[in-house]
Amino acid sequence: MSLVVQKYGGTSVGTIERIRNVASRVARTYDDGNDVVVVVSAMAGETNRLVALANEMCEFPSDREYDVLVSTGEQVTIALLSMCLQSMGYNAKSYLGSQIPMLTDNAHAKARIKAIEDKKIREDLKNGTIVIVAGFQGIDADGNVTTLGRGGSDTSAVAVAAALKADVCEIYTDVDGVYTTDPRMVPAARKIEKISYEEMLEMASLGAKVLQIRSVEFAKKYGVVIHVRSSFDDKPGTLVMKEDEEMETVLVSGIAFNKDETKISIFGVPDHPGIAAQIFSPLSHANITVDMIIQNVSSDGATDMTFTVPKADFKKALKIVEEVAKEIGARGVSSDDSIAKISIIGVGMRSHSGIASKMFQTLAQERVNIQMISTSEIKVSCVIDAKYTELAVRVLHEAFGLSLETDDEE
Ligand code: ADP
Ligand code: ASP
Ligand code: MG
């Protein structure tokens with residue numbers, strides 16, 4: 001007998017019919033003799049709808065109330081799934097994050113899981129009950145509802161799997177695995193059979209939303225093997241696991257893109273020690289994550305700085321930066337909210353040179369201008385004009401030999 005954690009995403013629970021389909025998959029796993037814990041997302045589109053309502057109500061909704069609102073989508077699906085399983089004759093019980101409890105820190109809208117109380121879940125499993133947990137949500141030490149950031153149900157599932165030492169953590173979604181790039185943008189994308197935690201971490205943090213970044217961090221830390229697969233068929237998906245020798249032979253294993261960032265530049269910044277801290281501390285205090293940062297060579301004691309922040313924090317960040325710019329006597333601030341970051345990822349890059357220059361050449365051939373560059377051991381990222389996203393991803397996918405051969409197509 002195994003303990004299986006299954007997570008079903010928004011599309012998989014998007015209608016009553018689809019929730020029935022999920023219930024029958026869960027029932028099948030249970031009938032095979034397994035203990036089953038299910039983590040579900042809100043119905044497709046529901047969290048977006050709730051976020052839009054919050055933004056319609058006021059320009060800067062308070063973080064606490066935002067979480068109270070956007071966490072409600074999952075309450076609907078856990079109850080519906082549980083009802084469906086009960087009507088099929090199974091014992092099923094739903095839990096909100098606060099009922100487990102799933103303890104998090106108090107960083108609303110991007111809370112981190114600190115501990116999961118497994119007592120109730122274990123008791124239920126012992127009694128033959130199928131446990132259904134609301135993804136994406138938790139509770140902080142003061143009893144406030146928190147949410148884990150968009151796509152956070154993946155993290156809920158992996159954290160539950162780690163806490164229960166589950167045998168498998170299956171993430172069911174609307175594609176049948178992790179592909180070399182988003183298969184919805186590039187139809188020639190290829191399914192990856194096995195991918196290392198490191199590569200998946202880069203893919204996720206660079207824009208491939210198939211798994212939330214933190215879910216991969218958690219999986220890596222606790223050695224949870226994630227199986228990403230489709231809730232609409234039974235094909236094997238992608239295993240996210242520890243790196244093996246086979247993986248290292250592939251130079252570039254995937255291409256990611258992110259259109260959710262924006263660029264802010266500060267010009268004529270007085271260049272002296274402490275100035276970067278003066279600019280970036282207020283952003284970090286406001287819980288805004290700054291991604292790429294470029295500082296130009298200074299001339300006449302002044303320099304320019306350009307950095308990227310998530311689209312969701314753009315207005316807040318710009319306001320802060322404009323205030324800081326005045327305080328420090330900078331010449332001005334400009335911004336661009338139509339950029340895209342394109343990245344190539346592969347553990348094989350560690351031992352090969354020339355990958356970055358091949359990326360730059362490929363973009364140059366298409367006359368795509370590179371605005372910012374950043375590299376790490378296993379990735380190269382370029383910021384470009386958002387209107388070239390699809391073109392850039394397609395040509396890079398082709399240039400690095402990732403595209404399916406036409407006669408290879410499934
Ligand atoms: P869920 O609601 O099940 O959590 P998501 O929409 O969060 O599903 O994630 C699945 C989506 O991720 C797919 O529909 C696909 O468009 C997108 N995606 C982006 N990059 C990739 C990739 N490299 N491989 C697979 N899917 C990807
Ligand atoms: N429902 C949440 C969202 O849309 C969490 C998730 O789907 O993972 O972001
Ligand atoms: Mg998701």
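FYI, side chains are in, hydrogens and waters are out, and symmetry mates aren't considered; it's all heavy atoms of this structure. The chain is numbered in sequence order, starting from 1.
Sorted by first and then second residue, the side-chain hydrogen bond (donor to acceptor under 3.5 Å, both in side chains) pairs with a member in residues 334-349 read Glu261-Lys341, Asp291-Lys341, Ser343-Ser381; sequence neighbours excluded. Residue pairs that meet the salt bridge (charged side-chain N to carboxylate O under 4.0 Å, His left out) test with at least one member in residues 79-89, sequence neighbours left out, do not exist here.
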For this session: Could you check Ser82 against Ser94 for side-chain hydrogen bond (donor to acceptor under 3.5 Å, both in side chains), going step by step and ending with a plain yes or no?
Result: CA-CA 6 Å; Ser82 188; Ser94 68; 4.8 Å; no
For this session: Please assess Arg350 against Glu243 for the test salt bridge (Lys or Arg N to Asp or Glu O under 4.0 Å), listing each intermediate value before the final yes or no.
Result: CA-CA 13 Å; Arg350 282 194 201 117; Glu243 183 177 332; 3.2 Å; yes
For this session: Determine, step by step, whether Tyr388 and Asn369 satisfy the side-chain hydrogen bond (donor to acceptor under 3.5 Å, both in side chains) criterion, reporting the C-alpha distance in whole Å, the side-chain angles of both residues, the deciding distance to 0.1 Å, and the verdict.
Result: CA-CA 9 Å; Tyr388 299 122; Asn369 187 42; over 6 Å; no
Problem set entry | From CA spacing to verdict: ring pair (Phe, Tyr, Trp, His ring centres under 6.0 Å), Phe307, Phe280 | CA-CA 10 Å; Phe307 55 92; Phe280 294 110; 5.0 Å; yes
For this session: Applying side-chain contact (heavy atoms from CB on, under 4.5 Å), run through Gln137 and Leu96 and close with a yes or a no.
Result: CA-CA 8 Å; Gln137 54 177 265; Leu96 292 169; 3.6 Å; yes
For this session: Please lay out, stage by stage, how Ser196 and Glu199 fare under the test side-chain hydrogen bond (donor to acceptor under 3.5 Å, both in side chains).
Result: CA-CA 5 Å; Ser196 66; Glu199 284 168 317; 3.1 Å; yes
Problem set entry | CA sep, side-chain torsions, deciding dist, call: Ser230, Asp176, side-chain hydrogen bond (donor to acceptor under 3.5 Å, both in side chains) | CA-CA 4 Å; Ser230 166; Asp176 61 3; over 6 Å; no
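Between the side chains of Tyr90 and Asp31, at least one donor N or O sits under 3.5 Å from an acceptor N or O. The closest side-chain donor-acceptor pair between Arg122 and Asn127, if any, does not fall under 3.5 angstrom. No donor-acceptor contact under 3.5 angstrom links the side chains of Gln212 and Ser215, judged on distance only. Between the side chains of Thr181 and His397, no donor-acceptor pair of N or O atoms lies under 3.5 Å.
Between Thr147 and Ser71, the shortest heavy-atom distance links the atoms CG2-CB, 3.8 Å.
Side-chain N or O atoms of Thr77 include one that pairs as donor or acceptor with a backbone N or O of Glu74 at under 3.5 Å. Using modelled atom types, no side-chain atom of Ser2 and backbone atom of Asp167 make a donor-acceptor pair closer than 3.5 Å. Between the side chain of Thr72 and the backbone N or O of Leu69 there is at least one donor-acceptor pair closer than 3.5 Å. Counting only distance, with no hydrogens or angles, the side chain of Thr303 and the backbone of Asn296 share a donor-acceptor pair below 3.5 Å. Judged by distance alone, the side chain of Arg229 and the main-chain N or O of Thr238 form no donor-acceptor pair under 3.5 Å. Without hydrogens or angle criteria, Asn287 side chain to Ala107 main chain gives no donor-acceptor distance under 3.5 Å.
With salt bridges taken as basic N to acidic carboxylate O contacts below 4.0 Å, one links Asp313 and Lys110. Salt bridge present: Arg28 and Asp234 bring a charged side-chain N and a carboxylate O closer than 4.0 Å. Comment: Arg112 engages Glu217 in a salt bridge, judged by a side-chain N to carboxylate O separation of less than 4.0 angstrom. A salt bridge between Glu17 and Arg20 is present, with a side-chain N of the basic residue lying under 4.0 Å from a carboxylate O of the acidic one. By the 4.0 Å N-to-carboxylate-O rule, Glu198 lies close enough to Lys220 to be salt-bridged with it.
Between Ile266 and Asp304, the closest side-chain pair of non-hydrogen atoms is not below 4.5 Å. Ser41 is not listed as a side-chain neighbour of Glu46, based on a closest heavy-atom distance of 4.5 Å or more. Contact check for Val37 versus Leu125: side-chain heavy atoms found under the 4.5 Å cut-off. Residues Val333 and Phe267 form no side-chain contact, since every pair of their non-hydrogen atoms from C-beta on lies 4.5 Å or further apart. Under the 4.5 Å side-chain criterion, counting only non-hydrogen atoms from C-beta, Lys263 is in contact with Met372.
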Which pairs would a plain distance check flag for residues 3-10, meaning a side-chain donor or acceptor within less than 3.5 Å of a matching protein atom at least two apart in sequence or in another chain?
residue: Gln6; atom: OE1; partner: Tyr8; partner atom: OH; Å: 2.9
residue: Gln6; atom: NE2; partner: Thr29; partner atom: OG1; Å: 3.0
residue: Gln6; atom: NE2; partner: Glu170; partner atom: OE1; Å: 2.9
residue: Lys7; atom: NZ; partner: Asp154; partner atom: OD1; Å: 2.7

Output side-chain donor-acceptor pairs under 3.5 Å for residues 356-364, partner residues at least two apart or in another chain, one line each.
residue: Ser357; atom: OG; partner: Gly354; partner atom: O; Å: 3.2
residue: Lys358; atom: NZ; partner: Ala399; partner atom: O; Å: 3.1
residue: Thr362; atom: OG1; partner: Lys358; partner atom: O; Å: 2.6

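Residues forming a side-chain hydrogen bond (donor to acceptor under 3.5 Å, both in side chains) with Lys194 (at least two apart in sequence, or on another chain): Asp244. Every side-chain hydrogen bond (donor to acceptor under 3.5 Å, both in side chains) that Ser298 has, sequence neighbours left out, goes to Asp271.
The residue from Leu201, Leu206, Ile195 that alone fulfils the side-chain contact (heavy atoms from CB on, under 4.5 Å) condition with Ile345 is Leu206.
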